[in-house]
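Since this is a predicted model, take the numbers as computed values, not measurements.
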Amino acid sequence: MSKKGIEAAAKKLEEYYAQFPDWYWKYGLHDAVILSVSELQLVPDYKEKKPKINCLEIQLDSKNAIYERDIKAIRLYNYKIKTPDIDINSIDKPWWIGDTIKKLDNNRYLLEIEIESAKGSRKHFIVEFEIPEIERK
């Protein structure tokens with residue numbers, strides 16, 4: 001590949017990663033183990049600009065993930081699960097395979113996570129949320 005071709009490819013890659021929010025695990029959590037998923041109802045502080053009403057907390061063991069190995073937990077506030085028929089906690093040894101994130105017009109996000117079980121079956125879990133919080137090691 002020519003120098004111009006390499007520079008063009010590098011620029012496209014840079015643009016691709018720049019599209020993601022700062023808080024997002026843009027390099028990926030492929031092969032992270034999902035330890036647990038909890039749904040929490042919160043007491044909102046209505047003095048805040050965006051009161052937190054509920055929280056979906058995903059605990060991860062990302063030490064064997066291909067890229068992002070420092071994420072312990074993902075907390076998604078003011079969430080609504082779009083695939084209520086999928087209970088991640090009932091999946092046998094769930095692994096994070098991949099995900100997509102999309103910013104919606106209402107300043108919320110839509111996260112779709114592909115999860116694989118120990119037996120190799122895959123499910124797509126979809127959640128809409130307003131406020132993300134990422135806990136890193």
What is the distance from atom [atom1] of [X] to atom [atom2] of [Y], rounded to the nearest 0.5 Å?
| X | Y | atom1 | atom2 | value |
| --- | --- | --- | --- | --- |
| S117 | K123 | OG | NZ | 8.5 Å |
| E128 | L104 | CD | CG | 5.0 Å |
| F125 | I34 | CZ | CD1 | 9.0 Å |
| K93 | E116 | NZ | CD | 13.0 Å |
| L56 | L40 | CG | CG | 8.0 Å |
| S38 | N89 | OG | CG | 6.5 Å |

Are [X] and [Y] in one and the same hydrophobic cluster, where Ile, Leu, Val, Met, Phe, Trp and Tyr link if side-chain heavy atoms are under 4.5 Å apart?
| X | Y | answer |
| --- | --- | --- |
| L110 | I74 | no |
| Y27 | W23 | yes |
| V37 | L60 | yes |
| L29 | F20 | yes |
| I113 | I134 | yes |

Passing option when K82 is tested against L111, I126, V127 for side-chain contact (heavy atoms from CB on, under 4.5 Å) =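 Exactly one candidate clears the test, I126.
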Run the numbers on W95 and V33 for side-chain contact (heavy atoms from CB on, under 4.5 Å), then give the verdict.
-> CA-CA 5 Å; W95 292 81; V33 176; 3.7 Å; yes
Run the side-chain contact (heavy atoms from CB on, under 4.5 Å) check on K52 and E133 step by step: do they pass?
-> CA-CA 12 Å; K52 295 173 181 172; E133 181 181 287; 4.0 Å; yes
Would the distance check show the side chain of [X] and the main-chain N or O of [Y] forming a donor-acceptor pair, the cut-off being under 3.5 Å?
| X | Y | value |
| --- | --- | --- |
| N78 | P51 | yes |
| N54 | Y79 | yes |
| H124 | E114 | no |

Determine the interplanar angle of the F129 and Y109 rings, folded into 0 to 90°, and report it as parallel if under 30°, tilted if 30 to 60°, perpendicular if over 60°.
->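 Rings of F129 and Y109: parallel, under 30°.
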For E14, does the CD atom sit with more than 12 other heavy atoms under 6.0 Å from it, leaving out its own atoms?
->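 Open.
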Counting only heavy atoms not in K80, do more than 12 fall under 6.0 Å of its NZ?
->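 Counting other residues, nucleotides and ligands, NZ of K80 stays at 12 neighbours or fewer.
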What pair of heavy atoms forms the shortest contact from [X] to [Y], and how long is it?
| X | Y | value |
| --- | --- | --- |
| I81 | P84 | CG2-N, 3.8 Å |
| K137 | R69 | NZ-O, 3.8 Å |
| S90 | D87 | OG-O, 2.8 Å |
| I88 | P94 | O-CG, 4.1 Å |

Hey, are the side chains of I97 and H30 touching, using non-hydrogen atoms and a 4.5 Å cut-off?
->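 In short, these two side chains touch, coming nearer than 4.5 Å.
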Quick one: do E15 and Q19 satisfy side-chain contact (heavy atoms from CB on, under 4.5 Å)? Show the steps, please.
-> CA-CA 6 Å; E15 288 170 0; Q19 76 179 336; over 6 Å; no
Is any side-chain N of the basic residue among E68 and R136 closer than 4.0 Å to the acidic one's carboxylate O?
->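 Here E68 pairs with R136 in a salt bridge, since their nearest N and O are under 4.0 Å apart.
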Looking at D45 and K47, does any basic side-chain N land under 4.0 Å from a carboxylate oxygen?
->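 No, this pair does not count.
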Quick one: do S62 and D70 satisfy side-chain contact (heavy atoms from CB on, under 4.5 Å)? Show the steps, please.
-> CA-CA 6 Å; S62 63; D70 64 341; 5.6 Å; no
